[in-house]
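Encoded as structure tokens, the structure appears first; notes follow it.
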Amino acid sequence: AQTVTQSQPEMSVQEAETVTLSCTYDTSENNYYLFWYKQPPSRQMILVIRQEAYKQQNATENRFSVNFQKAAKSFSLKISDSQLGDTAMYFCAFMKWGSGNTPLVFGKGTRLSVIA
Amino acid sequence: DTEVTQTPKHLVMGMTNKKSLKCEQHMGHRAMYWYKQKAKKPPELMFVYSYEKLSINESVPSRFSPECPNSSLLNLHLHALQPEDSALYLCASSQETGFRGYEQYFGPGTRLTVT
């Protein structure tokens, strides 16, 4: 079974600063996907960024980037130039790739507050 | 259109009531999901439908009954719920499960309160 661990229940960052959210996972699979989802207070969960395990290059989406260390089973999210709208719960998630149905396995989440 | 819609947004029901939650997507996705989310917790998977057939039931009590009338619609029928069933119920969809399974798109959820 796969597990996802987010060791930082809460974090805060000043507006315009950079923050890194950590995520580690445990799996015996070689091929899989990793995701970061954002859930603002009382708002919809949206996908922030995704990474395919077979790709060595770290994914980047505008101000969001990941540091994917496959051997270490680590998948951290870096948010640059933090904005007030980045305040949200962030979930790291794992999905197997291969056969059968592939539910998401979520970490417990990190609550990020961006302070003006 | 990358949108999953859910109705109603809020629902209050008594323990003897019967109600239904509705989810709709028009992205051509063939996999649809129901999740339950408690406050400050991650979503917990309840059911997965793949090509309109139930493929995963995460040992959910029978008072929750899913239905997939067609590839765009997903319902969750509720009957004789308990107060501990109060939560945010999220629907999601993805291109398909299995080998080409990919990211899930979530709806805004239905906030359910059982009194």
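Chain naming here is simple, since letters A, B, ... match the order of the sequence lines and numbering starts at 1 in each.
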Report task. Sort Met45(A) into side chain, backbone, both or neither according to what part of it lies under 4.5 angstrom from a heavy atom of chain B. Result -> both

Query raised in the report: Contact part of Leu47(A) toward chain B, heavy-atom cut-off under 4.5 Å: side chain, backbone, both or neither?
Result: side chain

Query raised in the report: So do Tyr37(A) and Gln104(B) actually touch side chain to side chain, heavy atoms under 4.5 Å?
Result: yes

Report summary line: On a heavy-atom basis, the closest approach of Gln44(A) and Phe106(B) is NE2-O, 2.5 Å

Report task. Using a cut-off of 6.0 Å, state whether more than 12 heavy atoms not belonging to Gln57(A) lie near its atom CD. Result -> no

Query raised in the report: Is there side-chain contact between Tyr33(B) and Pro103(A), with heavy atoms separated by less than 4.5 Å?
Result: no

Report task. Give a yes or no on whether Lys70(A) atom NZ has more than 12 heavy-atom contacts from other residues, nucleotides or ligands under 6.0 Å away. Result -> yes

Query - Atom CG of Asn62(A): over 12 foreign heavy atoms under 6.0 Å - result: no

**Report entry** Sub-4.5 Å side-chain heavy-atom contact between Leu88(B) and Gln39(A)
**Finding:** yes

Query raised in the report: If you count the non-hydrogen atoms of other residues, nucleotides and ligands that lie under 6.0 Å from CD in Glu84(B), is the total more than 12?
Result: yes

**Report entry** Minimum-distance pair of heavy atoms, taken over all atoms of Pro43(B) and Phe106(A)
**Finding:** O-CD1, 3.8 Å

Query raised in the report: Counting only heavy atoms not in Lys38(B), do more than 12 fall under 6.0 Å of its NZ?
Result: yes

Report task. Give, as side chain, backbone, both or neither, the part of Arg43(A) having an atom under 4.5 angstrom from any heavy atom of chain B. Result -> neither

Query raised in the report: In terms of heavy-atom pairs under 4.5 Å with chain A, which of Glu58(B), Lys40(B), Arg111(B), Glu44(B) leads?
Result: Lys40(B)

Query raised in the report: Which heavy atom of Pro42(B) sits nearest a heavy atom of Gly107(A), and at what distance?
Result: CB-O, 3.2 Å

